[in-house]
Every structure is written in structure tokens, then in C-alpha cells.
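Chain letters run A, B, ... following the sequence lines, proteins first, then strands; residues in each count from 1.
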Protein chains: 2
Amino acid sequence: MSLRYALLALLTAEPLTGYDAVKRFGGSVGYVWHAPDSQIYPELRRMEGEGLIEGEQVRWGPNSTKTRYSITGEGVRALREWLEAPIPYAPLRDVSRMRAAYFEWAGPESARENLRRHIDYYTEQVGRWKDMRQAILSAEHPSIAARLEKYPAEEHERIIAYKAFAYEGLIARGEAEIEWGRRGLDLIDELEGPSQARGEPGS
Amino acid sequence: MSLRYALLALLTAEPLTGYDAVKRFGGSVGYVWHAPDSQIYPELRRMEGEGLIEGEQVRWGPNSTKTRYSITGEGVRALREWLEAPIPYAPLRDVSRMRAAYFEWAGPESARENLRRHIDYYTEQVGRWKDMRQAILSAEHPSIAARLEKYPAEEHERIIAYKAFAYEGLIARGEAEIEWGRRGLDLIDELEGPSQARGEPGS
DNA sequence: ATATCCATGTAATGCGTTACATGATTTG
DNA sequence: CAAATCATGTAACGCATTACATGGATAT
């Protein structure tokens, strides 16, 4: 049910077509909340039905229109309410940890491969998150720029700060994952002897 | 689809009834992979149908039986295969970060309340995870004890080490969450002035 | 004109959640 | 004998995923 709040949050910056929203979910917001097109379009229509957003038909080319959605007063209220309500923390479902717990059933080489992938994955993610954080802090990112234009200058600092703070959480988490992966590789070396994948120099 | 592998992993320690499995998901395994009864019983039957596990009827009281499941050779093969295959990392869907990114829409007091809950939640979890890690390292936990009995002594070290390592990942992650929450509270103080909830001593 | 973007979906399936439901057995 | 535990589900619903599908508009 958070998809709808992600959409509402997006729409507080500027009106968007479904396609615009899909684009956002491919980039910025998508780093925090993933959603495919097939979920976004129907959700927007449902939200319009409930009065949280309003669609207006905009000319697009000579023979066509597109729907541009804006958030309504009720939409803002719903977003606020959601932000102020306590989140029910979802029970854990952690594939990486589950797999690691049973590494004795995989070969050491495949356990290593697993951890290397873990490290690579989070290294890449951390890179992205750091870039996003920078783009937010410098107000370069188009969607943050549009947002700042819409709100008075005294709000800018906090708008930026909270978004950067969110990314800092992702970065910290990612770095913890990388650390964990490295300790895992060391652990495997201790338990099973060092990897045979690399030759000993000087032997 | 990981539920079935969690079940297979459990069954490598000892045969279990559905109810036993449900119990495990309420405790040990449940800290890593959550599943409700309503998912476990049907999944066990499906797995039996696919030959990954075998159910045998065991007397239970004078007029009743229960089904005790054991892992089959094919089940072990399936578990190994899953452990050795690369995990497709699921796209992110992070409610805490999403909410934090839009804290300017909540009041400062409700943003603080949010972060306090975040800190409390992870503090509690970290406590549990640390206890579990200890219980594993000392081989006190009943399910780890049963497991160790079944495998030769030279396997014990790695069986324990990998499970402890998994919990260490959770602990590290939890601690990063707590840290993040604290920095968030500081950030709110900076942006909005300190909380009015507490009086200034000496004023 | 052709490729790439812009725009918008439907359909099938599966995993997971919540709520509801029942009865036997052991333990105190 | 009453309470707690053991045992095993069904049913309805909703969110999410994957695959499939189409056509107009703009840029080169």
C-alpha cells in the first residue's frame, strides 16, 4: 500500500503524467521504492477515483491527449496522515542471511561467489545512492529542482536535508552489507583454507 | 519461493511435523524468514507432492496421528542447488527511508516519534539477535543442538560459524539502523530547534 | 521513413496476509 | 476437569511480478 504514498509524495513536487511517474520510479524514487508500470497506471486511476488526485486531459500532438495528474487537498491530507501514523514493521524475510546460515551445504567456492556478488551488488548501489545524495544536496537533480521552485526558500533546507538523510540511511546500510560480506570471505578462509582460485605468488 | 528452502534447511537438522516447523518459524528461523502457519502446512504438502520431503504417519495419542516430514535426497539436491545459484536481488522497497525523505510533510514531533520507534524497534531486534547468536555459539539452542548431533564433529565448527555469521549480519544492520535513527533525531533538532517535549534543566 | 521516445495499459499467476475454524491431547 | 499445547487446516483478499500488447509523436 505504500505505492500510493510514493505517488502522492511525487505529486507534491509537480503534476505528472503516468509516464512521468513511471520515469521517476526508474530513477530517483525507484532507489527507495520500486514499482513497475503495470502497477503505476492502474493505481493512479484508483487514486483518482478516490479523490486523492485529479487528472486533467492535456493535448499531446495534433490527435492525442495525455492525462496529467495533480494532488488534491484530500491527497495531501492522506499523505500527512500516513506519514504521521506509526509504521507496522514488516516481519523479516532476509534471503542473504538465510543463505549464509546454511553455507555449509554449498561448496566453499560457491559461498565465496555468493558473498562476492553481495559485495558487488551493494558497492554498485552505494555508488548510486551517493550520487543521488550529492545531486540532492546540490539541488541539481531535476525532480528536486522542480520541488524547490514550488516551495518558499525557508523550506528548502529541510526539504533537501530530509531527502539526503534518507539516502544516508541507504548508504550506511549498504556499507554495513559490504563489511559483512568481507568478514564472510575472511571467515570462509579461516574455516576452509584460502581460496584456490588465485595462485600463490613466488611458489 | 524461499519458504520452501527455509523448510528444507530446517529438515536437514531433524524430521519435523508441520507444527514443529511452525514453532521454528516463531523463533529461530523466524528471525530470518517469517512465515505464518497458513503458508507452512500447504507448502509442506506441495513439497511432499514434488518429492522433496517425505511424510510418515506417526501415532499421536490413542486415536490420532500426526505427519512427520523428512528431507529426501532430492530435497537435499534442491537445497544445494538453490544455495549455489546466484540470488536475484529484489528491487528495493524501503518504507522507513521513503517516509524519512518526506518528513517535511509531517510535523517535527511526529517525525521524532517515528525515529524513536525506529530506534526502539531495532534495539529490541538487536537484543534478540544477539541472544540468538550467543545461543548458537554455545550450542545451547535446541535446534542447533539437534543439528550438531546429526553431523560429525569436524563439521560442527562451520555449522555454528555460518549461523553466527548470519546473525552478525542482522546485528550489524540493526545497529546501523539505530545509528541512523539517532542522527535523524539530531538533524531534526538542528532544523527545527530542540524538542519541546522535555524541559530545560536549570531554566 | 525509421528509430526512439512517450503514453497506456491487460492478463495470468504467485506469494503473502488476515481472518476464521476445529478438534485431539497432554498437563496441572 | 479446565487450560494450555499440539495438530492442521480453509477462504478471501490484495499487492506485486511477469509477460504480453499497442499506438501516437518527435527527432534524425
For [N], does either OP1 or OP2 sit under 4.0 Å from a side-chain N or O belonging to [X]?
{"X": "Y19(B)", "N": "dA7(D)", "value": "no"}
{"X": "K66(A)", "N": "dT8(C)", "value": "no"}
{"X": "R45(A)", "N": "dT10(C)", "value": "yes"}
{"X": "T67(A)", "N": "dT8(C)", "value": "yes"}
{"X": "R93(B)", "N": "dT17(D)", "value": "yes"}

Between [atom2] of [N] and [atom1] of [X], the distance in whole Å:
{"X": "L7(A)", "N": "dC15(D)", "atom1": "CG", "atom2": "P", "answer": "13 Å"}
{"X": "E43(A)", "N": "dG9(C)", "atom1": "CD", "atom2": "C1'", "answer": "15 Å"}
{"X": "Y5(B)", "N": "dC15(C)", "atom1": "OH", "atom2": "C1'", "answer": "14 Å"}
{"X": "Y41(A)", "N": "dA21(D)", "atom1": "OH", "atom2": "P", "answer": "19 Å"}
{"X": "D37(B)", "N": "dA7(D)", "atom1": "CG", "atom2": "P", "answer": "13 Å"}
{"X": "I40(A)", "N": "dT10(C)", "atom1": "CD1", "atom2": "C1'", "answer": "16 Å"}
{"X": "H34(B)", "N": "dT18(C)", "atom1": "NE2", "atom2": "C1'", "answer": "11 Å"}
{"X": "R59(B)", "N": "dT26(C)", "atom1": "CZ", "atom2": "C1'", "answer": "16 Å"}

Lys/Arg N to Asp/Glu carboxylate O, E109(B) vs R112(B), below 4.0 Å: yes

Smallest separation among heavy atoms of A111(B) and I188(B), with atom names: CB-CD1, 3.7 Å

Nearest listed nucleotide, side chain of [X], among [options]:
{"X": "P91(A)", "options": "dT8(C), dT8(D), dT17(C)", "result": "dT17(C)"}
{"X": "S64(B)", "options": "dA24(C), dA7(C), dT26(D)", "result": "dA24(C)"}
{"X": "T17(B)", "options": "dT25(C), dG16(C), dA7(D)", "result": "dA7(D)"}
{"X": "K23(A)", "options": "dA25(D), dC6(C), dT10(C)", "result": "dC6(C)"}
{"X": "W60(B)", "options": "dA24(C), dG16(C), dA7(C)", "result": "dA24(C)"}
{"X": "Q39(B)", "options": "dG16(C), dT8(D), dA24(C)", "result": "dG16(C)"}

Partner of E177(B) under salt bridge (Lys or Arg N to Asp or Glu O under 4.0 Å), chosen from R117(B), R97(B), R183(B): R97(B)

Sugar-phosphate, base or nothing in reach of S38(A), heavy atoms under 4.0 Å: base

Backbone N/O of I87(A) and side chain of W82(A): donor-acceptor pair under 3.5 Å: no

All pairs passing salt bridge (charged side-chain N to carboxylate O under 4.0 Å, His left out) where residues 11-33 of chain B contributes a residue, at least two apart: E14(B)-R24(B)

Polar contact flag, side-chain donor to acceptor under 3.5 angstrom, Q57(A)-T67(A): yes

5'-most by nearest nucleotide on DNA chain D - Y69(B) or S2(A): Y69(B)

